[in-house]
Amino acid sequence: MTAAVEFQNVSRHFGSVRAVDGVDLTIAEGSFFAMLGPSGSGKTTCLRLISGFEKPTSGTIRIFGEDVSSVPPHLRNVNTVFQDYALFPHMNVRDNVAYGLMVKGMGRAQRHAKAEEMLALVKLSGYGDRKPAQLSGGQRQRVALARALVNEPRVLLLDEPLGALDLKLREAMQDELKALQHKLGLTFVFVTHDQHEALSMADHLAVFNEGKIAQIGTPQDIYDRPATRFVADFVGSSNVLPPELTRALGGPPQWASLRPEATKLAATGPVSGPVTALRYLGSGTRVVIRAGETEIAALVPAGEPVPAEGEIRAIAFAPQALHLMGEA
Amino acid sequence: MSAPAILPARGAADRLTGVFWRRPNLLLLILVTPPLLWLGVVYLGSLAALLLQSFYSIDEFSGVVKEEFTLKTYAELFRAQNLDIILRTVVMAAAVTLACAILAFPIAYFAARYARGPWKAAFYLGVMLPLWSSYLVKVYAWKLILAKEGVLTWAASGTGTGFLIDGILSIPGLEGSSLSTSPFGTFLVFVYIWLPYMILPMQAALERVPNSMLEASADLGATRGQTFRTVILPLAMPGVIAGSIFTFSLTLGDYIIPQIVGNSSRFIGLAVYQLQGTAGNIPLAAAFAVVPIVIMLIYLTLAKRAGAFDAL
Amino acid sequence: MRSDRPSLLLKITAIGGLLFLHLPILFIFLYAFTTEERTYQFPPPGLTLKWFGVAWERPDIWPPLYLSLKVAAIATLMAMVLGTLAAAAMSRARFFGRDQLSLLIILPIALPGVITGMSLRSAFGIMDIPFSTWTIVLGHATFCIVIVYNNAVARMRRLSGGIMEASADLGANAFQTFRYVLLPNLGSALLAGGMLAFALSFDEVIVTTFTAGQQSTLPIWMLNELVRPRQRPVTNVVAIVVFAATFMPILIAYYLTRGGSETAGMGK
């Protein structure tokens, strides 16, 4: 099977800034792929390289096997849901959605019928006559989605599509997007700086840092086995242990990560310290212990005794839970 | 069967779009060339022609332009009568600018700070309309108002303030049979015509003064007068300078107003107009036209140093 | 709460200043109806409508009116094309010479009209170009470009850049994007710029006197009447026509660009 999108050693430099720096990437057809990273890490530039709004300084990009280095955006059968939606303010919702069909020469009746179909898919039937300004943020987002999907693109690009929505709407839209992707079987490429969003929605993700991919894999891989300190820090789920602590715990002198769920408390052990913070999470209590310079979180399951702040505890874990990683 | 990932180009428009995409500078070049050619050739070319002409001279006997480089024409500018014209024009421009700044301030301040909703629109339109609407018609209106038998004389005699007009007309240098033939009349019309050019940049500058800053000043115990002097005025200054560039430059170059209202003493603009027309001395006319450019360049350099361009 | 109301003095001077800007125009209207044709006597000794008829019959008014309309129309069209192109170029990313170009566009109205006029006059002289309608148009188009340019640039700055990309993303080529996205969003600003350019050109006298030679536009006709008056109220009738021909486009331009603030919050 050909990959939906493939980057071969792709770079995009703006002057001396290496926005994207030697990226290799393969996105399988039908996958829900997330590009995760802090702002300025190159993830949005990668998305714009796929849509054609940026051109690589070097390297090759293939979409379904075809080299797109000389294909302008309007001939790429790839559509984007823009961060600010970029709806056409002078057109009503129906014409916005039908725009892609119009410029390809489809007749009025037919394209309006298709637009209505799409509006129904995103649960906006009956909104066709409104202007974008008359819609809420969530509704505009759906219009942007319908406008992109009506063209039956081979890849749908989403640039922080949920960034402007409030938390509740955001969670609802996450589920909907996931369901939609499943239903259409389309390849979705999703850019976000929100690690929870990426982990919960994507089936594969790439973590970007300073124009390079720090790690690529399934959410499980990224979560359980962060490849580098940066990934562990950014994904934020794991305890990051410096080499001296790793060695104290019986490992080689290397950076390591340790998930809080796998971390237990013990009365004594090689690494111990005072409890500095407690947070009740319902399913358990998150206990933070300060060992020298490092804070280590452990998850105490509900029903087990929870220490008080200031008490000294040591940490314990099953040997296979300690995950070694690289420096960068 | 799913659609292809790359769509075929459907015609010349699609292919051309592809060319523009691959060579973005080509599109830029196509966009920028016509206006650049126009302004570069027609306008800059003309300015160059003006400069060139100003270095020519006129044969005093035949009246024919001698197309040889000389500084003789510029030297003529320093004759007493010509220096007089330049000095008169600069003094007028300075006086007009000062009067415009004083008159514009309350309007700009009110519009920027207090006018809301429909009043805001009314003030904006109220300044925009006179700025854009017919220049000549406005000058003509003042001819009617200032004429000896006109509105102002009638109003003055009705209110017993005729002595004021007579007083102004008896000041040395401002003499005339009525305001419409006195330099003071010229001054009045200049102020009227260029006033909107002062109000707009001043209002823009004042609108950037946050109310909180004025309140802070009041909180710190400043009186209204102190707030005005130490906070509002310095912040309005860039706007005043921006506006003064217009009023100063426009007065320097105008030759219609002194021709219609005033004692027909000559200003730079009028000198240029008469020299190129009836006198046929195009080199001297060109040299005279260079004077406002030089004055404005000096003025702009000074204004730039005062930070006036941030308000434009 | 601290009271923050304008003082009475400020109110009076502000509103007085605004009236000062507008009242003089009214006398133009009044004097078009006076029965006195040799002086500017006030109050008019009597009122009459006859000057409108007289003006209509005067054969020397029509050719200048026709010339003014022609020049304004052609200059406006040229300025709209050139001003829009310049604005479109400016809306793109920074390029070499960008600041110089913007200065060059503004220069024709930043420098006094007498300089533009005298420059063109010098150039025509050096190149032996005879005066014609086109020499007038040349000057007018030059200072009208900036009017259209300013309007277009202001609108482009407000437009979300994303909509142009969105159009391309959805499969539109550059020409379709121009036709379906850029033009509808820019149209009213361009029209407003065109209106203002027309008003400016129709009314222009300073540059025109240098580029017209023996030809007479309506403002030049008026200027001659002001210097050597014949039937003074007829001049007023023409002044009313000139005033209306500039006033109406300005008003329309204002209404065309007024709604801008609503669309500015778009896309958020």
Side-chain angles (χ1 to χ4, degrees), chain B residues 13-14 17 20 28 31-32 34-36 38-39 42-43 45-47 49-50 53 103 106-107 109-110 114 125-126 128-130 132-138 140-145 147 149-151 154 195-196 218 249-250 252-253 255-256 259-260 269 272-273 276 282 285-286 289 292-293, chain C residues 2 6 10-11 13-14 17-18 21-22 24-25 27-28 31 39-43 82 85-86 88-89 92 95 101 104-105 107-108 110-115 118-123 125-126 138 142 145 173-175 196 199 203 205-206 209 219 222-223 226-227 239 242-243 246-247 250 254:
Chain B
D14 275 4
T17 305
F20 290 152
L28 184 66
L31 290 174
V32 94
L36 196 63
W38 182 279
L39 290 165
V42 175
Y43 195 67
S46 300
L47 280 176
L50 177 80
Q53 286 271 17
L103 274 179
I107 304 174
Y109 188 62
F110 189 91
Y114 299 110
L125 258 184
M128 280 307 279
L129 280 174
W132 283 97
S133 64
S134 176
Y135 161 82
L136 208 52
V137 172
K138 285 180 293 184
Y140 182 36
W142 279 89
K143 179 109 182 146
L144 304 176
I145 292 168
E149 68 280 9
V151 184
W154 173 83
L195 183 57
S249 146
L250 290 166
L252 277 186
Y255 69 92
I256 303 284
Q259 207 178 338
I260 293 174
V272 174
Y273 179 61
Q276 62 87 33
I282 292 186
I293 301 182
Chain C
R2 208 170 73 87
L10 178 66
K11 234 180 187 164
T13 44
L18 219 50
L21 282 175
H22 289 267
I25 307 282
F27 291 103
I28 293 287
Y31 276 95
T39 70
Y40 299 121
Q41 189 190 338
F42 189 88
L82 295 171
L85 287 175
R92 303 179 72 81
F95 57 89
L101 181 62
L104 185 58
I105 293 168
L107 210 57
L111 287 176
V114 72
I115 293 171
M118 189 59 217
S119 298
L120 289 167
R121 171 87 171 76
S122 304
I126 286 177
L138 215 62
T142 303
I145 292 174
N173 62 43
F175 302 90
L196 291 175
D203 169 49
V205 61
I206 294 191
T209 47
M222 251 186 88
L223 183 61
L226 293 191
V227 178
V242 173
F243 182 74
T246 56
F247 188 87
I250 298 160
Y254 171 74

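From a predicted model like this one, the values you see are computed outputs, not experimental measurements. Below, chain A is the first sequence line, B the second, and so on; all start at residue 1.
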Please look at [X] and chain C and tell me whether the side chain, the backbone, both or neither of the residue comes under 4.5 angstrom of a heavy atom of that chain.
{"X": "B:Ala147", "answer": "side chain"}
{"X": "B:Leu136", "answer": "both"}
{"X": "B:Leu39", "answer": "both"}
{"X": "B:Tyr273", "answer": "both"}

query = Considering residues at least two apart in sequence or located in another chain, which fulfil the side-chain hydrogen bond (donor to acceptor under 3.5 Å, both in side chains) criterion with B:Gln276?
reply =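 B:Gln276 satisfies side-chain hydrogen bond (donor to acceptor under 3.5 Å, both in side chains) with C:Arg121 once adjacent residues are dropped.
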Quick one, [X] and [Y] - any side-chain contact, counting heavy atoms below 4.5 Å?
{"X": "C:Pro24", "Y": "B:Lys138", "value": "no"}
{"X": "C:Ile145", "Y": "B:Pro35", "value": "no"}
{"X": "C:Leu226", "Y": "B:Gln259", "value": "no"}

Interatomic distance, [X] atom [atom1] to [Y] atom [atom2] [nearest 0.5 angstrom]:
{"X": "B:Leu47", "Y": "C:Leu120", "atom1": "CG", "atom2": "CG", "value": "8.5 Å"}
{"X": "C:Thr209", "Y": "B:Tyr255", "atom1": "OG1", "atom2": "OH", "value": "2.0 Å"}
{"X": "B:Ser134", "Y": "C:Ile250", "atom1": "OG", "atom2": "CD1", "value": "9.0 Å"}
{"X": "C:Leu111", "Y": "B:Tyr43", "atom1": "CG", "atom2": "OH", "value": "4.5 Å"}
{"X": "B:Ile282", "Y": "C:Ile126", "atom1": "CD1", "atom2": "CD1", "value": "9.0 Å"}
{"X": "B:Leu195", "Y": "C:Leu21", "atom1": "CG", "atom2": "CG", "value": "5.0 Å"}

Between [options], which residue shows the highest count of heavy-atom pairs closer than 4.5 Å to chain C?
{"options": "B:Leu144, B:Ile260, B:Ile107", "answer": "B:Leu144"}
{"options": "B:Ser249, B:Pro34, B:Pro196, B:Gly45", "answer": "B:Ser249"}
{"options": "B:Ile256, B:Leu250, B:Leu252", "answer": "B:Ile256"}

task = Indicate the ring-plane relationship of C:Phe175 and B:Phe20, choosing parallel, tilted or perpendicular according to the 30° and 60° boundaries.
result =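 It falls in the tilted class, 30° to 60°.
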Residues in ring-ring contact (aromatic ring centres under 6.0 Å, His included) contact with C:Phe247, at least two apart in sequence or another chain =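 Here the qualifying residues are C:Phe243.
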query = Would B:Met128 and C:Tyr254 satisfy side-chain contact (heavy atoms from CB on, under 4.5 Å), going step by step from the backbone distance to the final call?
reply = CA-CA 9 Å; B:Met128 280 307 279; C:Tyr254 171 74; 5.8 Å; no
request  = Taking all heavy atoms of B:Phe110 and all of C:Lys11, pick out the closest pair and write down the distance.
outcome  =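 That would be CE1-CG, 3.6 Å.
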